[in-house]
Amino acid sequence: MATEEEAAASVVGKSVMVVGIDDSEHSFYALQWTLLHFFSPAAGSSSPFKLVVVSAKPTPTSVIGLAGPGAADVLPFVESDLRKISLRVIEKAKEICTSHSVADVEFEVVEGDARNVLCEAVDKHHAEILVVGSHGYGAIKRTVLGSVSDYCAHHAHCTVMIVKKPKPKH
Amino acid sequence: MEESQTPVKAEGGGEDKKMKVLVAVEESEGSLYALSWALDNLFTSACDVPDKTESLGRLVLIHAQQQPLQHFMHPVGPCMTDPHHRSFPVLFSTRESHVYREKQTMTKNCMSCLVAAVYATSSVIDSVRRAQEQNSRNLLERATQVCRSKLVEAEMVIVDGDPKEMICQFAEQMQADLLVVGSRGLSKMRRAILGSVSDYCAHHATCPVLIVKPPKGNHP
């Protein structure tokens, strides 16, 4: 039952919260929102969650798409570009965490498709909750979730929280 | 319908953490589990405070009732054999099982069924409505018990109408910080498909949505 699981979690340590981030504003907003509401300094160090920040790095082959004649040459450039992007993402996430004075955080960069990476991370860490941002496309697509958050909402084995960035009112 | 007002103090401690949490309660096991999960995980940081919600924000439980009349606007004999309404039986037969859940199609069919609705005697409608109210009351009592056992005070709201839209509208009205919905945890085949209310809320709510899935051991 749920209470047994929770008792076990509290004996072992805190329950784990996985936050998926990528290069978009929306995911950083999701991270900030989570830190603000779940890890406020007022709670002291006794927040009930351990935070794991997971960034998915897409594989170069998936980014290149069609393999043209010059694909092999482009590969190393794409690879280094992706690595730079993911490092930048993690750096920014670290900044956000320290600005909210949250120290007990793990950062992970996993290569692969974001959907699978996040669901596997949930399984690996036995997370209680997965937090993802939502791309929140324009007015026409507003009713459609980004495909990663939608996939995670359906397939993750834990509670999923989808954080949306509020639209500025015109 | 119970309502208990929780005073939200603006001083000290959890100022940033104060959230307005709206929990959707339906008649499924999944949503009661969602409620207890939310209580456990969102309101645990101040364990020594006797009334946790005082420093941590508001918890509002919302239950949406479906209007009983819609159930009776549906499939009636005399209407289908009526020669003047030959086109409508097609609508009835193909969408029979979905019709009474969709508010939109009801307006199309309701003209042809107005006659039929009157046929359904008022006593039947009354007893259905009473049964429904009884169900809602039982459900809310169970929800209050769960809240009380975790030492959390909650407000209750009952709204009429289509659950998905009502919940999203109410979340927007009260400027909720977080909307919590359960998921029906359907069987393995359909595990990939969320329940329709939680899916709709995930897509249309303007605030962050928390979808609580039932624990793994409970798949039929």
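Chain naming here is simple, since letters A, B, ... match the order of the sequence lines and numbering starts at 1 in each.
Nearest heavy atoms, I162(A) versus A202(B): CD1-CB, 4.2 Å.
One finds the CD atom of E128(A) at 9.0 Å from the CG atom of D40(B) (value rounded to the nearest 0.5 Å).
Remark: side-chain polar atoms of K164(A) are not paired, donor with acceptor, to backbone N or O of V209(B) under 3.5 angstrom. Proximity of a side-chain donor or acceptor of K213(B) to a complementary backbone N or O of A156(A) within less than 3.5 Å is detected.
L210(B) is listed as a side-chain neighbour of T159(A), based on a closest heavy-atom distance under 4.5 Å. Taking the side chain as every heavy atom from C-beta outward, L178(B) and H37(A) never approach each other to under 4.5 Å.
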